[in-house]
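Since the model is a prediction, treat every value here as computed from it, not as a measurement.
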Amino acid sequence: SGAGDAGGAGAATNAEMVWWFGKSSEQYRIRGRLSFVGGGGAFGGDSDVDLARARKEQWGNLSDMAREQFYWKEPGVPYVPQATVPPGGRGEDGKVLPPPDNFLLMLLYPNR
């Protein structure tokens, strides 16, 4: 989905994350504020050099098949043939391409 779907410019919203331990059936809930890095500057987090570096690192850590999915057309729209999806999210030289705008790093800043 497009960057605007996640809340718009400078988007930060409250959220809750559940961390589940299956073997012991325990869960921990962490509530906090969400922030996003990426989206071509739509969220305001791109100016932080360290967060931009973390986003790029996470992109590089994805499998080739996972990176390819970020180049697919948006779901739910009429089919239109698209340009070739870069195999593995890599350029012709075999190096990983920079993350596309629709790859966001989501951060949860706990407050409870």
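- The ring pair (Phe, Tyr, Trp, His ring centres under 6.0 Å) test applied to Phe70 returns Trp59, Phe103, not counting sequence neighbours.
- Scanning all heavy atoms of the two residues, the minimum distance from Ile30 to Pro110 falls at CG2-CB, 3.7 Å.
- For Ser63, the side chain to side chain contact (heavy atoms under 4.5 Å, CB included) partners two or more places apart in sequence, or in a different chain, are Met65, Ala66.
- The salt bridge (Lys or Arg N to Asp or Glu O under 4.0 Å) check on Glu57 picks up nothing, with sequence neighbours excluded.
- Listed here is the closest heavy atom pair of Gln27 and Val18: OE1-CG1, 3.6 Å.
- Across all their heavy atoms, Gly38 and Leu104 have their closest contact at C-CD2, 3.4 Å.
- Looking at every heavy atom in both residues, Pro100 comes nearest to Tyr71 through CD-OH, 3.9 Å.
- The backbone N or O of Glu16 lies less than 3.5 Å from no partner atom in the side chain of Arg31, so there is not a single donor-acceptor pair.
- Between Arg55 and Leu105, the shortest heavy-atom contact is N-CD2, 3.7 Å.
- Listed by chain and residue number, nothing satisfies the side chain to side chain contact (heavy atoms under 4.5 Å, CB included) test with Glu92 (two or more places apart in sequence, or in another chain).
- Here the CE atom belonging to Met106 is positioned 5.5 Å from the CG atom belonging to Leu34, to the nearest 0.5 angstrom.
- Considering only residues two or more places apart in sequence or on other chains, Phe21 meets the side chain to side chain contact (heavy atoms under 4.5 Å, CB included) condition with Trp19, Ser24, Glu26, Tyr28.
- Taking 4.5 Å as the limit, some side-chain heavy atom of Leu107 sits within range of a side-chain heavy atom of Val37.
- For the atom pair Arg90 CZ and Glu68 CD, the distance stands at 10.0 Å (nearest 0.5 Å).
- Under the ring pair (Phe, Tyr, Trp, His ring centres under 6.0 Å) criterion, no residue pair touches residues 80-100, with sequence neighbours excluded.
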